[in-house]
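Here the structure comes first, spelled out in structure tokens, and everything after it is commentary.
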Amino acid sequence: MSATIIDGNAIGKQVRAELRAEVADMRSRGIVPGLTVVLVGEDPASQVYVRMKGKAADELGMKSDTLRLPADTTEADLLALVDRLNADRAVHGILIQLPLPKHINSQKVLFRMSPDKDVDGFHPVSVGRLVIGDRTGFRPCTPAGVQELILRSGVDPRGQHLVVVGRSLIVGRPVANIFLQDAPGANATVTVCHTKTRDLTAITRQGDILVVAAGRPEVVTGDQIKPGAVVIDVGVNRVEDKTTEKGYRLVGDVKFSEAVEVASLITPVPGGVGPMTIALLMKNTVQAARQLSA
Ligand code: GUN
């Protein structure tokens, strides 16, 4: 039996349509949600992401600004910019695109941001707000997108065993914290696996919901999945493929051809979690604007 595919493009579109209506309503009350994205240097992947973020904000009727700074920008200058953005009332959300050049201490810059504008959800105050269940905090966009995909696919995590593979600060840990909440759309029993986990398969096979963010191509195979599980693949990896025009193709952290025969629902790569990240960044920015204008 083949699993039903969770269409991240369609669900992301749904989320953005709801936001468009909300932004229109805010604009009618004189509030224009504003997102400022800061890019330091010329990392090609970052340039693509930043362009996509700006475009998504524009399409929703938000005010978006992209500040492109040279690669040799000093840490002091970047910190001064963050201070200015923190104080600017037209800026509701700030996103510092990562990675930053090596001579800049990323943690220092991220910590300088006002947690009330931290739409990436990386500031320690945002992390704390998530852990204690304070909904005024911002949740990292990819993990929040994973939750939207699951809920909008008609799956209630309550009481289910949700297994996360990967403990990164950006995906694994926030995914665990989101689904552990005593709140609608959560209340799962959560297990987090990582590189030191003993007998990984024995644990992943217990997952009614399996979220994989291992950061390695196709490492979770069909035999590691509980029959009928919901599988969310957060991985995006380029693997060489000379049969394609670009010489590579994108694969997830899950071996899709095997997993699709075992799971009940599964996200593809690309077209699964990916489109949700930007949708949730927009949602966080609207939340920031709402909270800062209240
Ligand atoms: N670089 C790659 N992904 C992200 C992200 O989600 N946020 C930021 N700030 N930088 C990134």
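When a ligand or atom number is given, it counts from 1 through the structure's own listing order.
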Notebook entry, point to check: Has Asp182 got more than 12 heavy atoms of other residues, nucleotides or ligands less than 6.0 Å from its CG?
Noted result: no
Checklist line | ligand 1 atoms in contact with Ile96 (distance to a heavy atom under 4.0 Å) | finding: 8 (C), 9 (N)
Checklist line | Under 4.0 Å to a heavy atom of Leu95 - the qualifying atoms of ligand 1, by number | finding: 9 (N)
Margin query: Can you report which non-hydrogen protein atom sits closest to atom 10 (N) of ligand 1, along with the distance?
Written below: Leu98 N, 3.0 Å
Notebook entry, point to check: Does a side chain donor of either His161 or Thr191 reach within less than 3.5 Å of an acceptor in the other side chain?
Noted result: yes
Item checked: Gln14, CD: over 12 other non-hydrogen atoms inside 6.0 angstrom -> yes
Margin query: Quick check on Glu42: does its CD atom have over 12 non-hydrogen neighbours (other residues, nucleotides or ligands) under 6.0 Å away?
Written below: no
Next item on the list: Using heavy-atom distances, let me know which of Val171, Asp120, Val37, Ile170 sits nearest atom 9 (N) of ligand 1.
Entry: Asp120
Next item on the list: Report yes if Pro99 has an N/O atom closer than 3.5 Å to an N/O atom of ligand 1; otherwise report no.
Entry: no
Margin query: As an exercise, state the distance from CE of Met113 to CD1 of Ile94, rounded to the nearest 0.5 Å.
Written below: 6.0 Å
Notebook entry, point to check: What's the shortest distance from atom 4 (C) of ligand 1 to any protein heavy atom, and which residue and atom give it?
Noted result: Gln97 NE2, 4.1 Å
